[in-house]
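Whatever order the structure lists ligands and atoms in, that order sets their numbers, starting from 1. All values reported here derive from a predicted model rather than from experimental measurement. No hydrogens, no waters, no symmetry mates; every other heavy atom, side chains included, goes into these values.
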Amino acid sequence: MYSVKTNREYDAITVEIETVKSQIDQCELRQLELDELIENLKQEIKQVETEVNDLKMNLAELEKELQEKMAVTETETHELEVERHRLISQIEKPMYATYERIRKAKNGLAVVPIIRGACGGCYQTIPPQRILELRQWKRLIVCEVCGRILVWDETLDRQETSDQKRTK
Ligand SMILES: [Zn+2]
């Protein structure tokens, strides 16, 4: 205070002190806000880390499951191939030749079931007379549109009936 010579000088310094005090207050407030933000972010990081860990565990489980299913599928594929060879040996040669010709022409799908009175390959409606002949196994019937061999599947017939009941 010894260097303060006039009232005016004193007032000026007082105002400056108040300004600096207010700036300190604001900075402290901002620091509190930032501390809180840091705390929130730390919590969020913890949550995200937990989620990431959970997802990693879930992924590992799914990968294991997939591996197991693939192994089963491989076994089933092998069994089906064995069964296929067994069945081929029982089919008459001309019949098998027809089947192979259609299979090659139709991307591997030579035999299709009748679904709701239509060809399961091209969805063309099959005349009821044809379906009757097929059910009685009178002869080999092929779809007139796509040329695939048609078969009758009782389970699909039942499904058809229950589907019709549902829609009615
Ligand atoms: Zn067809």
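- A distance of 12.5 Å separates CD in Gln90 from CE in Met95, rounded to the nearest 0.5 Å.
- Protein atoms of type N/O/S that fall under 2.8 Å from the Zn ion (ligand 1) number 4 in this view.
- Within the 4.5 Å cutoff, no side-chain heavy atoms of Val112 are placed close to those of Ile149.
- Qualifying salt bridge (Lys or Arg N to Asp or Glu O under 4.0 Å) partners for Glu83, counting only residues two or more places apart in sequence or in other chains: Arg86.
- Atom CG of residue Leu37 and atom CD of residue Glu33 lie 9.0 Å apart, to the nearest 0.5 angstrom.
- Here the closest non-hydrogen pair linking Ile131 and Trp152 is CG2-CZ3, 3.5 Å.
- Remark: the backbone N or O of Tyr10 is paired with a side-chain donor or acceptor of Thr14 at under 3.5 angstrom.
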